[in-house]
Amino acid sequence: MTEAAMTTMSAPAPTGRFGEFGGRYVPESLIPACAALETAFREAWADPAFHEQLSRLRSQYAGRPTALTPAHNLSAQLGVTLLLKREDLAHTGSHKINNVLGQALLARRMGKSRLIAETGAGQHGVATATAAALFGLRATVYMGERDIARQRHNVFRMELLGAEVIPVTSGSRTLKDATNEAMRAWVAAVDEAHFCLGSVGGPHPYPWLVRELQRVIGEEARAQAPAVPDVVVACVGGGSNAAGTFAGFVDTPARLIGVEAAGGAAMTDGMPGVVHGYRSMVLQDAHGQVLEAESIAAGLDYPGVGPEHAHLGATGRAEYRTVTDDEVLDAVRRLARAEGIICALESAHAVAWVLRAAGTPDLPTGSAVLLTLSGRGDKDMATLAGEVR
Ligand SMILES: *Cc1c(COP(=O)(O)O)cnc(C)c1O
């Protein structure tokens with residue numbers, strides 16, 4: 001086995017590094033909080049009682065295991081065998097709930113009374129508000145003004161669930177700025193609040209912790225699939241649904257493919273740099289100034305990407321592709337009409353790559369493909385109404 005193929009997606013180095021990426025680039029005041037979270041996570045993850053609680057929540061509350069659906073019609077059209085891992089069927093409508101239920105359990109274990117979160121499309125905010133309601137915690141969610149306008153439906157859901165949604169008016173008024181504000185709020189309330197980060201970015205231990213909580217996607221899919229597929233594909237914003245999916249297949253010969261938005265492709269167009277407390281591939285200008293990402297999918301409008309993806313890319317174990325907004329809109333419609341499934345704009349990035357690549361050397365006819373459908377499209381109806389005919 002080559003060195004690249006041995007990248008196992010196990011624990012990072014004690015410093016929180018995946019190769020040259022990751023780490024803990026935060027203000028001095030947050031170092032103890034990150035260290036305490038790491039200790040709490042190591043203890044919880046080694047405690048069978050924690051796994052029992054999490055497993056009960058997953059099955060009794062979140063609707064796991066989610067189905068693995070053969071996409072018979074699309075498969076016939078494309079000449080590949082396509083299986084869909086249905087995170088759109090999880091409670092609250094996306095994979096975000098997997099991460100949040102685990103972090104809420106951890107927050108309770110650490111004696112915290114409050115969750116602080118950032119959100120882009122609002123799915124992580126909704127999942128956080130949901131877990132906070134269930135656990136009797138206070139929730140404060142930071143969301144860019146521009147995303148609030150695009151995703152009103154999710155703002156209403158968060159408020160109905162009892163969370164406070166704070167509009168962020170700085171910078172591009174999207175996820176990048178919401179994440180800055182949420183981290184600032186955490187500094188100010190670090191004793192009472194847990195920062196419930198939504199993806200596999202942020203300072204150590206978040207990239208590892210969130211990947212472990214999302215690993216359930218890949219492990220279920222591996223057990224449900226009739227055989228190891230040739231290709232495993234998922235969309236990549238911060239990279240959590242892809243990381244959780246890849247974790248179930250990294251030790252197999254399956255090719256791992258992450259699909260980014262052409263306007264927010266940190267793996268394809270980025271350079272090594274530091275953003276939001278970690279070192280990874282980051283969209284930036286020649287002076288290291290972080291650039292704005294631009295995508296029709298609010299959940300992929302993010303200039304960074306989880307450090308483990310940067311490492312998987314650097315070692316060649318995973319490959320990254322980009323698709324355009326137009327291809328994504330077409331993919332939403334094709335999947336809806338072929339299979340009766342309306343997926344999220346984010347998830348449609350993975351579908352769009354399969355549509356484009358099927359029958360080419362990148363995805364030869366006859367290939368078996370497992371695709372994680374990260375969420376459902378209900379939140380995107382306002383965007384889609386103006387775009388899809
Ligand atoms: C948040 C979100 C994403 C992007 O986040 P990842 O961390 O890259 O998984 C993708 N799909 C949906 C439905 C989302 O809500």
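Whatever order the structure lists them in is the order used to number ligands and atoms, beginning at 1.
For atom 12 (C) of ligand 1, the nearest non-hydrogen atom of the protein is Ser374 OG, 3.4 Å. Nearest protein neighbour of atom 6 (P) of ligand 1, counting heavy atoms only, is Ser240 N, 3.3 Å. In this structure, the protein non-hydrogen atom closest to atom 4 (C) of ligand 1 is Gly299 O, 3.6 Å. Of the protein's non-hydrogen atoms, Lys96 NZ, 1.4 Å is the one closest to atom 1 (C) of ligand 1.
Minimum interatomic distance between Ala293 and Tyr302 (heavy atoms only, all atoms of both residues): CB-N, 3.4 Å.
Close approach of ligand 1 to Gln123 is summarised as follows: ligand atoms under 4.0 Å from at least one heavy atom of the residue are 15 (O). Close approach to Gly375 involves these atoms of ligand 1, each under 4.0 Å from a residue heavy atom: 13 (C). Here is the list of ligand 1 atoms found below 4.0 Å of a heavy atom in Cys235: 10 (C).
Between Gly238 and ligand 1, an N or O atom pair is found at a separation short of 3.5 Å. Between Ser199 and ligand 1, an N or O atom pair is found at a separation short of 3.5 Å. Ligand 1 has no N or O atom lying under 3.5 Å from any N or O atom of Ser347, backbone or side chain. Backbone and side-chain nitrogen or oxygen atoms of Gly237 are examined, and one is located within less than 3.5 angstrom of a nitrogen or oxygen of ligand 1. At least one N/O-N/O distance between Gly239 and ligand 1 falls below 3.5 Å.
Judged as a salt bridge (charged side-chain N to carboxylate O under 4.0 Å, His left out), and not counting sequence neighbours, the contacts of Glu20 are Arg279. Partners of Thr169 by side chain to side chain contact (heavy atoms under 4.5 Å, CB included), not counting sequence neighbours, listed by chain and number: Glu145.
Distances from ligand 1 to the non-hydrogen atoms of Ala121 include no value under 4.0 Å.
Thr8 and Asp251 share no donor-acceptor pair across their side chains, judged by distance under 3.5 Å alone.
Between the side chain of Ser295 and the backbone N or O of Ala297, at least one donor-acceptor pair lies under 3.5 Å.
Checked options His91, Lys85, Arg86; the residue passing with Thr66 is Lys85 (criterion: side chain to side chain donor-acceptor pair (under 3.5 Å)).
At a 4.0 Å heavy-atom cut-off, ligand 1 does not touch Glu87 at all.
In this structure, Phe41 and Trp208 have perpendicular ring planes: the angle between them is above 60°, well past the 30° mark.
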Practice task
Apply side chain to side chain donor-acceptor pair (under 3.5 Å) to Ser113 and Glu192, showing your working.
Solution key: CA-CA 6 Å; Ser113 59; Glu192 66 181 55; 5.0 Å; no

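Residues Arg24 and Glu38 are paired through a salt bridge, judged by an N-O separation under 4.0 Å between the basic side chain and the carboxylate.
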